[in-house]
Amino acid sequence: MKEPTPQDISTLAHTLAHDHHALRSRMQSFAASDPIFIPRYDLPLPLTRELAHQRLARLAEQNFLSVFDFESDPLKIFAAHEMAGIIDQSMATKMTVQWNLFGGTMIKLGTERHRDLLKGVDRLEDVGCFALTELGFGNNAVEMETTAHYIPETHEWDIHTPTTKGQKYWISNAAVDATWAVVFAQTFVNNKNEGVHAILVRIRESNGTLHRTVSKGVVIQDMGVKMGCNGVDNGKLFFDHVRVPVENLLNRYSDVDRHTGQFSSSIPSKRGRFLKVADQLLSGRLAISSLCLGGSKVCLTIAFRYAHSRLCVGPKGKSDTPIMVYQLQQRALLPLFAQTVCLNFGLNYCKRRWSALSLQAHQQYQQEQQQQQHGRKVKGKDDNDEVVEEVVRLCCVIKPLITWNAERVATTCRERCGGQGYLSVNRFGDMIGYAHAGMTAEGDNSVLMQKVAKEQLVQLQRQHKAKGETLEQWFLQLRRKPVDIDSFEGLLSLLHLREAGVFYELDSTLKAKQAKGKPLFQVWMGEESDTIQSAAKAFGERMCFEQTLDIIHTLDHGPRTILEILLRLWGLTLVESNLSWYLTRQLMTPQTGLLIPQHSRNVVASVGEHSLGLCEILGVDERLLFAPIAGDLGGWEAYNRSDNHGELLEKNHLDTAGFRPHNAFGHSKL
């Protein structure tokens, strides 16, 4: 591999970033210029939370994103999330709750009567939370216990938590900052359960000062210290017959008539209503993916820079050789670097598809509103169901792939940086905690993969039935192709083959076991979990590989060569990690199987000497790395010349540098 030129790196970085390049640059430059964004570690929990809140407030003041972007430019919101993930993922988590889950739900499910509150969302004057999850009902939230009973005499909702398991749980922003909650509840009108709906509930009151009191009938409990992401104030919410106006129902699809007290909905089924009100979780998965991707880029950049500056034993026994020269270091880091880049292109595709569908839905809604204003009967345009279903699968598969990768990247980088990687100031520890948060936020990764596998299997059955063939015939047709590990087409064929093979195995196993009288639930949940997970992962990895290959065809010269090498490395890594599957199905000869690890090692070796320059395509401003080991040669040595207490700031500046006085909760925290 030739030495990449600065222009090669710049072009590929621009391509990888995909959109809103000026915004990305402005956000990073702004954070690099304000001392509030300098990390600090030895802080008490209240101050850790205050730090995340003040950082978010600084970004809000700069108008880097707006909840109204959902109606005009959703990609801007995801770009802001990735940059926030580079800066501080506690702050980024609070961002995604405020702008996506809280504000995004209001703008998507609300109507004109709710829009005044949205301006306060952008200014961070009205901080909100998303009260969906309950202690006893996480992934099965449709069975939640919180109730909202319509009171016709006063035209109000009575919001109530009937049991301990019905408490709203893990609610970000609830413990300290939020004044509002979008509360999801089983909605009863005239004693009939009309399904889960979203209702705005004030959980803290303003008495004209910065001090806020908890609203009547609301109980808020602090969930305390977690294994990571402690800048986020997670809380538990209980409602003791809290009354709110019926107009607080987010009523785009369902409403109660003020005059007749009758419930109406454009969505006939209760399950359909739940899926619609929880729709913001889809963009939430893209937002979580974006911020975790930002964290992965930080980890890789730090680890690469340290590996090139840390000298260890060389051929003559002297400490004169950068550890990045070692195959051990290269084999650990470079496949993860290639995987991160390729997953990034997959995420870019998912963001484009979701954004296009979201904008289309908004335009359709606007047209319907205009027709109503002119007294014309509105005939709703049917969604393209297959397109909608495909976008749902894309959002559900990319979040597990990105967040699992974030954990692997952070953990591997920490280990390969040795004892330095264990210091909080070098950031890997925080990133591990954030990755774990991402793995279960907005849907447990493995549960999402079950959904992906189920829905993709149905789609494949439908698709191949229309072609007059079975999944077995599809698989057998693909396996006739000769194995080729030297071309992109050959590697893609192997990924297609695995995807087809695993889905065929899943399909045939389900049918065979059900034919013997076993219930589908028992087979799916109790016997075939490994195959289900493998099928969903094979689908997602093939999609990301294919999207990266499409990008290669748009590039020329140096940038194209770099991305070709990275995609080849990732393709070989995927095949190598699944060698046992290919060999046990006799889809590859043992001789070919033996060649793959060596091919992978060869590609790693060709990339290794250029890895320091290549990590610049990730687009992380070096001023925001904030890790002593990411400095130039000797940077970490200079850091350790003083008694630094493991901090970047003087110890007596931890609670003052960049802070503004804050008395929102009765007394100064500073």
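What's counted below: heavy atoms across the whole structure, side chains too, no hydrogens, waters or symmetry copies.
When every heavy atom of Asn348 is checked against every heavy atom of Thr15, the shortest pair comes out as ND2-O, 4.3 Å. Counting all heavy atoms, side chain and backbone alike, Gly418 lies closest to Arg414 at O-NH1, 3.1 Å. Of all heavy-atom pairs between Ser606 and Met1, the closest is O-CB, 3.5 Å. In this structure, Val603 and Arg568 approach most closely via the heavy-atom pair CG2-NE, 4.0 Å. Across all their heavy atoms, Val607 and Leu614 have their closest contact at CG1-CD1, 3.5 Å. Of all non-hydrogen atoms in Cys395 and Leu282, the two that sit nearest each other are CB-CD2, 3.9 Å.
Checking Lys297 against Asn344 by side-chain atom types alone, a donor-acceptor pair falls below 3.5 Å. Between Thr93 and Thr96, the side chains place no donor N or O within less than 3.5 Å of an acceptor N or O (distance only, hydrogens not considered). Between the side chains of Asp8 and His557, not a single donor N or O lies within less than 3.5 Å of an accepting N or O. Side chain to side chain, His436 and Thr403 fail the donor-acceptor criterion of an N or O pair below 3.5 Å. A donor and an acceptor atom, one from each side chain of Asn445 and Thr440, are nowhere located under 3.5 Å apart. Under 3.5 Å, the side chains of Ser283 and Asn100 contain a donor-acceptor pair of N or O atoms. Remark: the Arg623 side chain and the Ser29 side chain contain an N/O donor-acceptor pair separated by less than 3.5 Å.
Ser611 places a side-chain N or O within donor-acceptor distance of the main-chain N or O of Gly608, the cut-off being under 3.5 Å. In this structure, Thr340 contributes its side chain and Leu336 its backbone to a donor-acceptor pair below 3.5 Å.
Salt bridge present: Asp233 and Lys94 bring a charged side-chain N and a carboxylate O closer than 4.0 Å. A salt bridge does not link Lys651 with Glu647: none of the charged nitrogens is closer than 4.0 Å to a carboxylate oxygen.
By the ring pair (Phe, Tyr, Trp, His ring centres under 6.0 Å) test, His21 is found to be paired with His14, residues two or more places apart in sequence or in another chain being considered. Applying the side chain to side chain donor-acceptor pair (under 3.5 Å) test to Arg352 and every residue at least two apart in sequence or in another chain returns His18. A search for side chain to side chain donor-acceptor pair (under 3.5 Å) contacts involving Ser172 returns Asn234, not counting sequence neighbours. Applying the side chain to side chain donor-acceptor pair (under 3.5 Å) criterion to His645, with sequence neighbours excluded, gives no partner residue. Remark: Glu564 pairs with Arg560 by the salt bridge (Lys or Arg N to Asp or Glu O under 4.0 Å) rule, at least two apart or across chains. Every residue two or more places apart in sequence or in another chain that forms a side chain to side chain contact (heavy atoms under 4.5 Å, CB included) with Arg26 is listed here: Leu23, Phe64. For the salt bridge (Lys or Arg N to Asp or Glu O under 4.0 Å) test, no residue two or more places apart in sequence or in another chain qualifies with Asp530. For Asp73, there are no salt bridge (Lys or Arg N to Asp or Glu O under 4.0 Å) partners, not counting sequence neighbours. Not counting sequence neighbours, Lys481 has no partner by the salt bridge (Lys or Arg N to Asp or Glu O under 4.0 Å) test.
Residues Arg585 and Trp581 are in side-chain contact: their nearest non-hydrogen atoms beyond the backbone lie under 4.5 Å apart. The shortest side-chain heavy-atom distance between Leu624 and Phe626 falls under the 4.5 Å cut-off. Between Leu555 and Leu12, the closest side-chain pair of non-hydrogen atoms falls below 4.5 Å. For the pair Leu311/Thr321, no side-chain contact is recorded, criterion being any heavy-atom separation below 4.5 Å from C-beta on. Between Arg305 and Leu612, the closest side-chain pair of non-hydrogen atoms falls below 4.5 Å. Using a 4.5 Å heavy-atom threshold, the side chains of Trp404 and Ser446 count as touching. Within the 4.5 Å cutoff, side-chain heavy atoms of Glu546 are placed close to those of Leu492. Annotation: side chain of Leu394 is not in contact with side chain of Trp354 (no heavy-atom distance under 4.5 Å).
Within 6.0 Å of the CD atom in Glu61, the count of heavy atoms belonging to other residues, nucleotides or ligands exceeds 12. The number of heavy atoms from other shown groups lying within 6.0 Å of CD (Glu3) is above 12.
Atom CD1 of Ile552 sits about 4.0 Å away from atom CG of Leu563, to the nearest 0.5 Å. In this structure, CG on Leu618 lies 9.5 Å from CD1 on Ile9, to the nearest 0.5 angstrom. Here Leu649 contributes atom CG and Asn644 contributes atom CG; the two are 11.5 Å apart, rounded to the nearest 0.5 Å. Here the straight-line distance linking atom CG of Leu491 with atom CG of Leu567 works out to 7.5 Å at 0.5 Å rounding. With rounding to the nearest 0.5 Å, the separation of CE in Met27 from NE2 in His81 is 9.5 Å. Distance check, rounded to the nearest 0.5 Å: OG of Ser309 to CD1 of Ile629 gives 8.0 Å.
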Residue pair Val397, Lys537: steps toward the side chain to side chain contact (heavy atoms under 4.5 Å, CB included) verdict: CA-CA 8 Å; Val397 80; Lys537 195 173 183 188; over 6 Å; no
Val483 and Tyr582: CA distance, side-chain angles, deciding distance, side chain to side chain contact (heavy atoms under 4.5 Å, CB included) verdict: CA-CA 11 Å; Val483 173; Tyr582 290 104; over 6 Å; no
Step-by-step side chain to side chain contact (heavy atoms under 4.5 Å, CB included) determination, Leu594 to Gln591: CA-CA 5 Å; Leu594 285 170; Gln591 290 78 10; 5.6 Å; no
Audit row: Ser600, Leu569, side chain to side chain contact (heavy atoms under 4.5 Å, CB included) steps and yes/no: CA-CA 6 Å; Ser600 181; Leu569 175 55; 3.7 Å; yes
Arg55 vs Ser90, side-chain hydrogen bond (donor to acceptor under 3.5 Å, both in side chains): CA-CA, chis, key distance, verdict: CA-CA 10 Å; Arg55 287 171 173 169; Ser90 281; over 6 Å; no
Worked check of side-chain hydrogen bond (donor to acceptor under 3.5 Å, both in side chains) between Asp484 and Ser493: CA-CA 8 Å; Asp484 173 15; Ser493 292; over 6 Å; no
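Listed by first and then second residue, the ring-ring contact (aromatic ring centres under 6.0 Å, His included) pairs that reach into residues 310-349 are Phe304-Phe337, sequence neighbours excluded. Legend: salt bridge (charged side-chain N to carboxylate O under 4.0 Å, His left out) pairs involving residues 489-498, not counting sequence neighbours: none detected. Evaluation of the salt bridge (charged side-chain N to carboxylate O under 4.0 Å, His left out) test over residues 282-292, restricted to residues two or more places apart or in two chains, returns none.
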